[in-house]
Number of protein chains: 2
Amino acid sequence: MKSNKTTIHDISKALNIDSSTVSRALNNSPRVSEKTRKKIRQKALELGYQRNSLASNLRTNKTHTIGVIVPRISRNFFATVIAGIEETAYEAGYNVVICQSLESLERETKFMDTLLSNRVDGVLISISMETTSYEHLLAFKQHGGPIVFYDRPCHIENCTSVSIDDFQASYNATKHLIEQGCKHIAHFSGPQEIELYKNRKKGFITALEDHNLLYKEAYCFESGLSSNDGIEIAKKIVKLKQIDGIYSANDTAAISAMQYLKSKGIQIPNDIAVVGFNNDPISAVIEPGLTTVNQPDFEMGNIAATELIKQIQNKTANSEKDSIILSSELIVRNSSNK
Amino acid sequence: MKSNKTTIHDISKALNIDSSTVSRALNNSPRVSEKTRKKIRQKALELGYQRNSLASNLRTNKTHTIGVIVPRISRNFFATVIAGIEETAYEAGYNVVICQSLESLERETKFMDTLLSNRVDGVLISISMETTSYEHLLAFKQHGGPIVFYDRPCHIENCTSVSIDDFQASYNATKHLIEQGCKHIAHFSGPQEIELYKNRKKGFITALEDHNLLYKEAYCFESGLSSNDGIEIAKKIVKLKQIDGIYSANDTAAISAMQYLKSKGIQIPNDIAVVGFNNDPISAVIEPGLTTVNQPDFEMGNIAATELIKQIQNKTANSEKDSIILSSELIVRNSSNK
DNA sequence: ACAAAAAATACAATCGATTGTATTTTAAAT
DNA sequence: ATTTAAAATACAATCGATTGTATTTTTTGT
């Protein structure tokens with residue numbers, strides 16, 4: 001069953017011009033005279049010709065498409081990074097295929113496979129919370145193309161990571177709580193296999209130590225940092241009865257915890273001060289406003305995409321830089337303003 | 001420059017078996033004996049073979065990919081719809097390509113073009129606020145495949161729209177404000193070329209009329225319903241000094257308006273009651289909680305994708321149904337609880 | 001053991017575009 | 001007018017997989 005779409009051969013036949021010339025004309029090759037180029041363009045329009053990218057990509061071995069793997073598209077931070085990626089890609093003439101890992105390694109692996117099959121030119125990825133082995137990434141790197149990590153750095157040979165300095169941001173956030181007078185600070189952390197969460201935790205611990213506060217493992221709660229996780233941890237914190245500060249590695253968990261604490265009559269920031277991470281839009285709306293770390297999300301997308309495209313076009317596919325560090329800032333609101 | 005990737009021909013040569021047999025083996029065709037199938041599978045694994053989907057898709061004229069055009073990915077409602085689409089597509093073995101129109105007709109048109117070039121099997125689209133002409137959609141419908149509209153219905157021949165009953169939802173929301181005692185209700189509306197906003201406005205007006213309230217054109221504010229638009233309109237409303245209720249066609253504008261009004265010392269809901277649309281997560285966190293219309297967002301994605309895939313596979317590409325209407329509900333919170 | 005049927009595999013065309021090389025046409029130079 | 005160079009176009013192979021048809025091999029029945 002033949003597809004009804006117009007091909008260069010249809011144009012070729014209609015004008016009695018070889019299809020190679022038609023192809024060149026449509027690609028503005030200087031090898032075609034202005035006169036025939038016009039004729040071909042005209043006929044193409046007339047027949048409603050639309051290039052078949054599959055054929056073109058097969059032949060040229062390029063798709064001008066980049067794959068993006070994101071843990072969850074509905075997180076504002078990621079949605080904004082994607083918007084940044086998209087902007088840069090669009091301007092550079094690249095298409096973007098977005099895949100949600102939903103924090104599942106299995107899905108992530110399948111998507112890397114599909115992206116490889118579809119011969120995307122490169123991949124931008126923020127690894128899932130389950131990702132502790134890297135074969136699927138290495139496989140792509142070997143047979144596919146460059147990979148650039150964003151937000152969650154990952155040290156694979158010849159791959160660049162674009163992120164903020166999580167250690168430092170975390171250190172500053174914790175220091176801020178200490179300066180507000182908090183003595184017993186809890187930390188909401190993510191899976192320790194993920195470097196980002198390890199770094200945030202390290203920053204937290206180091207800040208405590210530098211200010212002569214004791215770090216207690218019992219005050220560090222590791223979870224997936226979902227809304228539900230925030231509530232569950234908040235429950236435990238209420239029972240502990242000693243916590244006077246919370247530093248959460250993301251806003252999602254911080255916000256649900258805040259809501260739970262408020263519902264239990266706990267005063268924020270007076271009883272417990274709270275600091276989050278990501279500057280989610282909700283953090284500015286909740287009362288009291290949530291102090292949080294603002295990351296250059298949109299810009300992170302721009303930069304990661306720019307770096308990837310550079311690597312794609314250099315064809316060396318080897319990154320000079322292991323990591324690109326963007327600056328972040330602590331936005332102080334009332335949730336920590338004792 | 002040859003790509004270094006393994007092809008069926010490499011496997012074919014390595015085993016001295018024809019490539020057609022290799023292809024069939026890898027596709028589990030019954031025409032290949034179990035013995036050689038195993039041998040081929042084994043060798044494929046050994047050589048790190050990865051099917052080239054470009055070639056396959058070119059030959060079969062199917063991509064198992066659906067295009068999704070979304071106004072803005074960072075709006076929670078859309079992000080959730082996409083998650084729903086993605087879930088269904090993933091289960092059915094379809095890939096999803098997501099494109100952000102950013103409410104621009106130009107971008108939307110370019111994307112439809114690209115999707116057509118890339119031969120996606122079908123498209124799910126929520127048209128941009130600028131989309132008042134449909135040539136780009138008709139072109140895809142003619143040469144491409146089925147189109148299913150979600151959220152923002154669009155009546156093109158043989159296309160299905162999946163949405164809620166905006167008129168009714170709007171009617172109920174307005175009725176609710178009236179029942180709370182509001183007499184001078186303002187409406188934040190979107191571009192009237194978009195059926196969705198027209199319907200929401202109609203529902204608003206009809207509810208007023210049914211309750212013997214005068215509809216004033218001056219109380220209806222048309223905009224892009226962005227955060228900024230909400231603030232600008234709120235400013236005007238403060239100047240009017242008569243408004244005692246706001247019904248906004250989305251939460252984004254309602255929320256920023258609420259914040260502006262609060263900053264001006266206006267009491268919500270006592271001075272002005274507010275109702276929004278979409279049940280954005282922020283609406284549950286802002287104080288007072290924003291009364292809003294909850295749409296089955298995730299489910300809408302599921303259903304739209306299911307319908308599209310059905311049409312793709314039926315190959316008739318003709319929809320039986322012009323529209324699929326999902327039910328919505330008004331979530332009453334304190335912003336309208338006088 | 002042999003013909004017929006069934007199973008397994010090989011051959012070859014094809015999807016639609018790109019591109020190196022060959023050929024023809026046009027223009028420039030003598 | 002004729003040679004030469006340059007410009008324009010045609011030819012043909014190719015990208016990697018799929019698939020209808022042909023051929024070979026194996027199995028079955030008698």
Side-chain angles (χ1 to χ4, degrees), chain A residues 1-41 43-44 47-64 114 116-121 143-144, chain B residues 1-41 43-44 47-64 114 116-121 143-144:
Chain A
M1 158 221 39
K2 265 179 80 101
S3 116
N4 54 340
K5 285 152 199 150
T6 310
T7 73
I8 52 169
H9 303 290
D10 298 327
I11 300 177
S12 160
K13 263 177 233 148
L15 297 174
N16 206 29
I17 291 177
D18 191 79
S19 61
S20 63
T21 303
V22 174
S23 170
R24 288 192 167 95
L26 295 172
N27 287 312
N28 288 316
S29 155
R31 279 174 59 175
V32 179
S33 72
E34 193 53 40
K35 212 179 73 188
T36 51
R37 186 201 315 285
K38 270 215 181 105
K39 222 169 26 174
I40 289 170
R41 278 250 132 85
K43 184 59 83 179
L47 298 179
Y49 171 78
Q50 194 75 28
R51 158 196 271 102
N52 184 329
S53 298
L54 296 173
S56 172
N57 294 343
L58 171 62
R59 183 63 229 260
T60 59
N61 206 30
K62 271 195 213 90
T63 53
H64 284 277
T114 307
L116 191 49
S117 273
N118 283 286
R119 300 295 191 265
V120 297
D121 293 343
H143 302 291
Chain B
M1 160 219 42
K2 264 181 81 99
S3 116
N4 55 341
K5 284 152 200 150
T6 311
T7 73
I8 52 170
H9 303 291
D10 298 327
I11 299 178
S12 160
K13 263 177 234 148
L15 297 174
N16 207 27
I17 291 176
D18 192 79
S19 62
S20 63
T21 303
V22 174
S23 171
R24 289 192 166 97
L26 295 172
N27 287 313
N28 290 315
S29 155
R31 279 176 57 175
V32 179
S33 73
E34 194 52 41
K35 211 178 74 188
T36 51
R37 185 200 315 284
K38 272 219 179 100
K39 223 169 25 173
I40 289 170
R41 278 251 131 85
K43 184 58 84 179
L47 299 179
Y49 170 77
Q50 194 74 30
R51 159 196 270 103
N52 184 328
S53 297
L54 296 174
S56 171
N57 294 343
L58 170 61
R59 184 61 229 262
T60 59
N61 207 29
K62 272 195 213 90
T63 54
H64 285 276
T114 307
L116 190 49
S117 272
N118 283 287
R119 301 295 191 263
V120 298
D121 293 342
H143 302 290

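To find a chain, count down the sequence lines: A is the first, B the second, and so on, and within it residues start at 1.
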**Student:** Which residue, A:N28, A:T36, A:V22, forms the side chain to side chain contact (heavy atoms under 4.5 Å, CB included) with A:R41?
**Tutor:**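 In the set A:N28, A:T36, A:V22, the residue that makes a side chain to side chain contact (heavy atoms under 4.5 Å, CB included) with A:R41 is A:N28.
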
**Student:** A:K5 NZ to C:dC15 C1': how many Å, rounded?
**Tutor:**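 It works out to 12 Å between those atoms.
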
**Student:** Taking B:R37 for its side chain and B:V32 for its backbone only, find out whether a donor-acceptor pair lies under 3.5 Å.
**Tutor:**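 Yes, the answer is positive, given that a donor and an acceptor are paired below the 3.5 Å cut-off.
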
**Student:** Using a distance-only criterion (donor-acceptor N/O pair, under 3.5 Å, no hydrogens), is the base of C:dC11 paired with the side chain of B:S20?
**Tutor:**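 Donor-acceptor pair under 3.5 Å: yes.
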
**Student:** Take B:T36 and A:R59, find for each the nucleotide of DNA chain C with the closest heavy atom, and name the residue whose nucleotide sits nearer the 5' end.
**Tutor:**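 Mapping each residue to its closest nucleotide by heavy atoms, the 5'-most match is B:T36.
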
**Student:** What are the two closest non-hydrogen atoms of A:K5 and B:N61, and how far apart are they?
**Tutor:**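 Result for this residue pair: NZ-OD1, 4.5 Å.
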
**Student:** How long is the line joining CD1 of B:I40 and P of C:dA8, in whole Å?
**Tutor:**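 Rounding to the nearest Å, CD1 of B:I40 and P of C:dA8 are 13 Å apart.
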
**Student:** Within this structure, what is the NZ-to-P distance between A:K62 and C:dG16, rounded to whole angstrom?
**Tutor:**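 Checked: the NZ to P distance equals 23 Å.
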
**Student:** Could you check how far CG of A:N118 sits from C1' of D:dG16, rounded to whole Å?
**Tutor:**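 It works out to 14 Å between those atoms.
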
**Student:** Need one value for B:S53: base, sugar-phosphate or nothing, where a base atom within 4.0 Å counts as base even if backbone is also close, heavy atoms only.
**Tutor:**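 Counting heavy atoms under 4.0 Å across all strands, no contact is made by B:S53.
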
**Student:** Round to a whole Å and report the spacing from CZ of B:R119 to C1' of D:dA17.
**Tutor:**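 Rounded to whole Å, this separation is 17 Å.
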
**Student:** Heavy atoms only, 4.0 Å cut-off, all strands: where does B:V22 land among base, sugar-phosphate and nothing?
**Tutor:**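 Nothing, no nucleic acid heavy atom in range.
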
**Student:** Looking at C:dT19, C:dT21, C:dC11, which one has an atom nearest to any side-chain atom of B:D18?
**Tutor:**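 Output: C:dC11.
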
**Student:** Report yes if at least one side-chain N or O of A:S33 is closer than 4.0 Å to OP1 or OP2 of D:dT9; otherwise report no.
**Tutor:**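 The answer is yes; a side-chain N or O of A:S33 sits under 4.0 Å from OP1 or OP2.
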
**Student:** Return yes if the base of D:dC15 and the side-chain atoms of B:T7 contain a donor-acceptor N/O pair under 3.5 Å, otherwise no.
**Tutor:**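 A donor-acceptor contact between them is absent.
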
**Student:** Among D:dT19, C:dG16, C:dA10, which nucleotide sits nearest the side chain of B:L58?
**Tutor:**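 Among the listed nucleotides, the one closest to the side chain of B:L58 is C:dG16.
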
**Student:** With sugar-phosphate meaning primed atoms plus P, OP1 and OP2, does A:I17 contact a base, only sugar-phosphate, or nothing at under 4.0 Å between heavy atoms?
**Tutor:**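 The answer is sugar-phosphate, as A:I17 gets under 4.0 Å only of primed atoms, P, OP1 or OP2.
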
**Student:** Check if the side chain of A:R31 and the base of C:dT21 share a donor-acceptor pair of N or O atoms closer than 3.5 Å.
**Tutor:**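 In this structure, the two groups form a donor-acceptor pair.
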
**Student:** Would you confirm whether B:T60, through its side chain, and B:S56, through its main-chain N or O, come within 3.5 Å as a donor-acceptor pair?
**Tutor:**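 Here the side-chain-to-backbone pair exists.
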
**Student:** Using atom NZ of B:K39 as one end and atom P of C:dA8 as the other, report the distance to the nearest whole Å.
**Tutor:**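 In whole Å, C:dA8 P and B:K39 NZ are 14 Å from each other.
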
**Student:** Can you tell which of D:dT9, D:dG20, C:dA17 lies closest to the side chain of A:I8?
**Tutor:**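 Nearest to the side chain of A:I8 among the choices is C:dA17.
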
**Student:** What's the closest nucleotide to the A:A55 side chain, out of C:dG16, D:dT9, C:dA10?
**Tutor:**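 Nearest to the side-chain atoms of A:A55, counting from C-beta on, is C:dG16.
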
**Student:** Side-chain contact test, heavy atoms from C-beta onward, threshold under 4.5 Å: evaluate it for B:N27 versus B:R51 and give yes or no.
**Tutor:**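 Touching, per the 4.5 Å side-chain cut-off.
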
**Student:** So what does B:N57 hit on the nucleic acid, given a heavy-atom distance under 4.0 Å: a base, only sugar-phosphate, or nothing?
**Tutor:**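 The answer is nothing, as B:N57 stays clear of every strand by at least 4.0 Å.
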
**Student:** Checking all strands, does B:S56 fall into the base, sugar-phosphate, or nothing category for heavy-atom contacts under 4.0 angstrom?
**Tutor:**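 Sugar-phosphate contact only - B:S56 comes under 4.0 Å of backbone atoms but never of a base.
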
**Student:** Tell me whether the side-chain N/O atoms of A:R51 come closer than 4.0 Å to OP1 or OP2 in C:dT18.
**Tutor:**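 For C:dT18, OP1 or OP2 has a side-chain N or O of A:R51 closer than 4.0 Å.
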
**Student:** Expressed as a whole number of angstroms, how long is the span from B:L116:CG to C:dG16:P?
**Tutor:**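 So the two atoms are 13 Å apart, to the nearest Å.
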
**Student:** Figure out the NE2/P separation between B:H9 and C:dC11, and round it to whole Å.
**Tutor:**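 Distance, rounded to whole Å: 13 Å.
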
**Student:** Base, sugar-phosphate, or nothing: which does A:R24 touch, judged by heavy atoms less than 4.0 Å apart?
**Tutor:**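 Touches a base.
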
**Student:** Please compare A:V32 and B:L54 by the position of their nearest nucleotide in DNA chain D and report the one closer to 5'.
**Tutor:**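 By nearest-heavy-atom nucleotide position, the 5'-most residue is A:V32.
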
**Student:** On the nucleotide D:dA17, are OP1 or OP2 found under 4.0 Å from the side-chain N or O atoms that B:T60 carries?
**Tutor:**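 No, no such contact exists.
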
**Student:** Below 4.5 Å, heavy atoms only, C-beta onward: do B:T63 and A:N118 meet side chain to side chain?
**Tutor:**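 They are not in contact (no side-chain heavy atoms under 4.5 Å apart), so the answer is no.
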
**Student:** Classify the nucleic acid contact of B:N16 as base, sugar-phosphate or nothing, counting any heavy atom under 4.0 Å across all strands shown.
**Tutor:**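 Sugar-phosphate, backbone atoms only, no base.
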
**Student:** Cut-off 3.5 Å, side chains only: do B:S20 and B:D18 have a donor facing an acceptor?
**Tutor:**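 The criterion, which ignores hydrogens and geometry beyond distance, is satisfied for B:D18 and B:S20.
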
